[in-house]
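These values consider heavy atoms only, across backbone and side chains, with no hydrogens, waters or symmetry-generated copies. Letters A, B, ... mirror the listed sequences (proteins, then strands); counts begin at 1.
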Amino acid sequence: MLDPQLLRTDPEAVAAALKPRGYELDVAAWRELESRRKELQIHVQELQNQKNQSAKSIGQAKARGEDIQPLLDEVRHLGEELGRSESEFNEVQSRQQGWLLEMPNLALPDVPQGNDENDNVEIRKWGELPQFNFEPRDHVELGEVTGMIDAQAAVKLSGTRFVVLKSGLSRMHRALAQFMLDVHTQEHGYMEVYLPYLVNAATMTGTGQLPKFEDDAFATTDDPPLYLIPTAEVPMTNLVAGEIIDADDLPMRFTSQTPCFRREAGSYGKDTRGIIRQHQFEKVELVQIVRPENSNSALDDLTGHAESILQHLIIPYRVIILCTGDMGFASARTYDIEVWLPGQDRYREISSCSVCTDFQARRMKARWRNPESGKPELVHTLNGSGLAVGRTLIAVMENYQQQDGSIKVPKVLRPYMNGQKIIR
RNA sequence: GGAGAGGUGCCAGAGUGGUCGAAUGGGCUCGCCUGGAAAGUGAGUGUACGGUGUUGAGCCGUACCGAGGGUUCGAAUCCCUCCUUCUCCGCCA
């Protein structure tokens with residue numbers, strides 16, 4: 001959520017900043033709603049004050065044993081008027097709140113302006129592209145050749161955009177997640193957490209999935225419903241919702257492996273081949289809660305932590321910065337890590353690392369006590385995939401494939417696979 | 001799922017309709033005392049929002065005692081619904 005104060009004092013500036021993000025703010029309408037709110041709030045508070053005053057004098061009169069009937073007559077009309085004004089005020093306020101909840105975060109100044117992914121800018125590249133003396137297969141073919149990806153079974157069980165992995169591939173999938181968690185906890189100072197996969201609406205609202213993106217999430221039929229997490233970012237960031245954190249406890253670094261559930265509404269026909277885009281996938285997520293002044297460097301750190309996984313695995317990748325039009329709702333700056341897939345002869349997204357400034361913190365009421373002011377102030381939150389396990393598995397398959405379709409096991413994974421060197 | 005008991009400020013814990021933002025104790029902050037410290041002692045110590053303002057000192061007001069609704073001139077206190085914690089029973093990994 002944006003700072004309502006800022007929207008109050010300078011809506012034009014907010015509108016201008018929101019425009020490159022593809023959000024048109026109707027400044028005139030906002031202004032009108034805002035002045036209505038102000039008017040009503042003053043009125044309501046004035047009536048409440050009158051109510052309190054007269055209630056007090058009635059109490060005093062009664063204590064003195066006086067006749068309170070005349071006083072009662074005096075305030076009779078107050079309740080009615082107050083009720084009317086209050087409900088009008090609440091209505092205006094909730095409209096304003098609803099509006100605020102659907103406005104995206106402001107991009108930081110250094111984010112490139114643009115409309116879509118074509119305007120993203122490459123920052124750096126790492127690794128050497130693998131050379132094959134045969135035509136490399138993509139992961140779908142490799143899965144078929146080895147029989148370790150069973151798409152048919154998944155369709156039978158659930159439908160499209162699900163997968164069944166078998167044998168060595170399933171094991172490598174597990175090994176990858178374990179390996180990532182170990183790196184982040186042992187080398188980068190993250191605390192591993194185990195999290196709920198079903199969360200309530202408040203939690204989904206805190207990180208920005210609700211109310212605007214309700215259609216993207218799976219929900220239970222309970223009343224009220226619970227939502228299947230689309231990423232561990234949701235429960236993990238909300239760990240600090242409503243908290244006032246000790247300055248000494250910052251920064252906080254959390255990591256967790258969870259399944260992620262996404263309806264992928266609006267991506268019909270996109271990535272239908274293979275297991276790039278699934279309704280369910282595993283991800284190791286990184287979350288940081290930091291002091292505002294540290295959030296920029298924290299994003300560089302966090303992105304580096306995610307990159308280190310691919311460096312350990314020795315798989316080439318590049319880092320790009322997303323332009324204003326391609327960024328996620330809550331993000332103020334996003335770096336995507338794209339991994340090299342020889343079977344597709346291109347880079348594909350494997351991680352997305354974002355700093356959300358105080359956008360999520362304001363929604364969640366996540367604060368820290370700033371020793372300088374002595375007051376609670378909003379924290380900054382960051383999140384990033386470290387990494388998407390399914391896509392990392394694809395990257396290993398395609399980069400480590402051999403002519404017969406078998407796949408070499410990267411050295412760092414072997415300890416997690418009982419020393420196994422090849423899966424086939 | 002059934003029965004019972006709770007949810008109050010940083011913590012503990014009073015408060016069963018009126019002057020309660022809330023006693024008391026602890027903690028914390030600042031000061032006194034001390035050579036220094038302990039003990040003792042004095043004062044202070046929530047959040048959000050609105051108004052005003054010499055604009056981030058202050059002053060005035062509103063809301064908040066798990067959440068939401070209701071009764072009342074007036075609710076932390078009464079009623080209803082929900083959430084949640086604990087104990088016992090059932091069930092279960």
Side-chain angles (χ1 to χ4, degrees), chain A residues 1-10 30-31 33-101 194-206 210 220-227 235 238-250 292-293 358 360-379:
Chain A
M1 200 164 82
L2 300 179
D3 184 0
Q5 210 69 47
L6 184 64
L7 228 77
R8 224 164 270 153
T9 53
D10 198 355
W30 176 266
R31 271 240 161 78
L33 194 60
E34 171 59 19
S35 71
R36 187 91 191 101
R37 190 222 93 235
K38 197 163 176 173
E39 205 173 282
L40 282 165
Q41 180 162 355
I42 293 170
H43 187 56
V44 164
Q45 292 191 349
E46 173 57 29
L47 292 174
Q48 284 171 329
N49 182 226
Q50 277 179 41
K51 182 190 79 173
N52 290 344
Q53 295 299 331
S54 47
K56 194 177 274 187
S57 41
I58 288 171
Q60 286 167 343
K62 205 174 171 185
R64 277 188 249 110
E66 296 171 9
D67 178 20
I68 58 168
Q69 195 53 45
L71 289 166
L72 289 182
D73 293 341
E74 229 171 86
V75 298
R76 190 172 310 134
H77 70 282
L78 254 179
E80 214 177 291
E81 194 183 345
L82 182 59
R84 232 187 358 254
S85 301
E86 263 177 341
S87 66
E88 210 179 330
F89 176 52
N90 290 338
E91 144 83 17
V92 166
Q93 232 183 358
S94 72
R95 265 175 61 199
Q96 219 173 11
Q97 187 69 7
W99 200 344
L100 271 169
L101 284 173
Y194 172 79
L195 299 164
Y197 304 154
L198 290 166
V199 298
N200 58 33
T203 301
M204 289 285 275
T205 306
L210 289 182
T220 67
T221 56
D222 299 69
D223 186 26
L226 289 167
Y227 298 85
N238 275 282
L239 286 173
V240 296
E243 303 291 330
I244 297 175
I245 303 162
D246 241 42
D248 296 339
D249 292 336
L250 296 178
E293 69 263 30
D358 60 12
Q360 294 180 325
R362 187 171 290 108
R363 288 172 163 249
M364 296 188 300
K365 293 190 178 59
R367 295 169 297 177
W368 67 298
R369 195 169 292 277
N370 185 344
E372 281 178 35
S373 64
K375 301 215 161 192
E377 297 173 13
L378 296 169
V379 295

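When each of U19(B), G18(B), G50(B) is scored by its nearest atom to the side-chain atoms of A55(A), the top-ranked nucleotide is G18(B).
Annotation: side chain of L198(A) is in contact with side chain of T220(A) (closest heavy-atom distance under 4.5 Å).
For K62(A) against G18(B), a side-chain N or O and a base N or O form a donor-acceptor pair under 3.5 Å.
Nucleotides G53(B) and C10(B) place their C1' atoms 32 Å apart, quoted to the nearest Å. G69(B) and C11(B): their P atoms are spaced 25 Å apart (whole Å). Taking atom P in both C49(B) and A37(B), one finds a spacing of 40 Å when rounded to whole Å. Between the C1' atoms of A12(B) and G70(B), the separation comes to 33 Å (whole Å). Straight-line distance between the C1' atoms of A23(B) and A76(B): roughly 13 Å, to the nearest whole Å. Distance noted for atom C1' between U24(B) and U72(B): 31 Å (whole Å). C79(B) sits 23 Å from A22(B) when the C1' atoms are compared, rounded to a whole Å. Taking the C1' atom of each, C65(B) and U16(B) are spaced 14 Å apart, rounded to whole Å.
The two residues A361(A) and V379(A) come nearest to each other via the heavy atoms CB-O, 3.2 Å. Taking all atoms of both residues into account, the shortest heavy-atom contact from L82(A) to V44(A) is CD1-O, 3.9 Å. Looking at every heavy atom in both residues, H43(A) comes nearest to S85(A) through CD2-OG, 3.2 Å. Nearest approach of P292(A) to W368(A), heavy atoms of both residues: CD-NE1, 3.6 Å.
Residue R367(A) places at least one side-chain N or O under 4.0 Å from the OP1 or OP2 atom of A48(B). Contact check, K56(A) against C73(B): no side-chain N or O comes under 4.0 Å of OP1 or OP2.
Rounded to whole angstrom, the span from the CD atom of E80(A) across to the P atom of C73(B) amounts to 12 Å. One interatomic measurement links the two molecules: CG of D3(A) to C1' of C49(B), which rounds to 13 Å at whole-angstrom precision. With rounding to whole Å, E81(A) atom CD is found 17 Å from C73(B) atom P. Remark: P of C28(B) and CG of D246(A) are 14 Å apart, rounded to the nearest angstrom. Taking atom CD1 of residue I58(A) and atom P of nucleotide A75(B), one finds them 12 Å apart after rounding to whole Å. Here A48(B) presents its P atom at 16 Å from CD of Q93(A), a figure rounded to the nearest Å. In this structure, CZ of F89(A) is placed 11 Å from P of G51(B), rounded to the nearest angstrom. In this structure, NZ of K365(A) is placed 12 Å from C1' of C49(B), rounded to the nearest angstrom.
Of the possible polar contacts, one joining the S54(A) side chain to the K51(A) backbone as a donor-acceptor pair under 3.5 Å is found.
Helical stems of RNA chain B (runs of at least 3 Watson-Crick or G-U pairs, donor-acceptor distances under 3.5 Å) are listed by first residue: B:1-7 with B:83-89, B:10-12 with B:24-26, B:27-32 with B:40-45, B:46-52 with B:58-64, B:66-70 with B:78-82.
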For this session: Produce a footprint string for nucleotides 53-70 of chain B: one letter per nucleotide, 5' end first; B if the base is under 4.0 Å from any protein heavy atom, S if only the sugar-phosphate is, - if neither.
Result: --------BSS-------
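For the atom pair L40(A) CG and R84(A) CZ, the distance stands at 12.0 Å (nearest 0.5 Å).
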Exercise. Where do T203(A) and N200(A) land on the side-chain hydrogen bond (donor to acceptor under 3.5 Å, both in side chains) test, with the steps shown first?
Worked result: CA-CA 6 Å; T203(A) 301; N200(A) 58 33; 2.8 Å; yes
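A salt bridge (Lys or Arg N to Asp or Glu O under 4.0 Å) check over residues 34-43 of chain A, counting only residues at least two apart or in different chains, returns the pairs R8(A)-E34(A), E34(A)-R37(A), R36(A)-E39(A), R36(A)-E88(A).
In this structure D10(A) satisfies the side chain to side chain donor-acceptor pair (under 3.5 Å) test with no other residue, sequence neighbours excluded. With sequence neighbours excluded, the residues forming a side-chain contact (heavy atoms from CB on, under 4.5 Å) with R367(A) are I244(A), P376(A), L378(A), listed by chain and number.
Q48(A) and E86(A) are linked by a side-chain donor-acceptor pair at a separation below 3.5 angstrom, with hydrogens and angles left out of the test.
The residue among R369(A) and R8(A) whose nearest nucleotide of RNA chain B lies closer to the 5′ end is R369(A).
Applying the 6.0 Å contact sphere to CD of E293(A) captures more than 12 heavy atoms from other residues, nucleotides or ligands.
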Please produce a list of atom pairs where a protein N or O lies less than 3.5 Å from an N or O of nucleotides 76-85 of chain B.
none

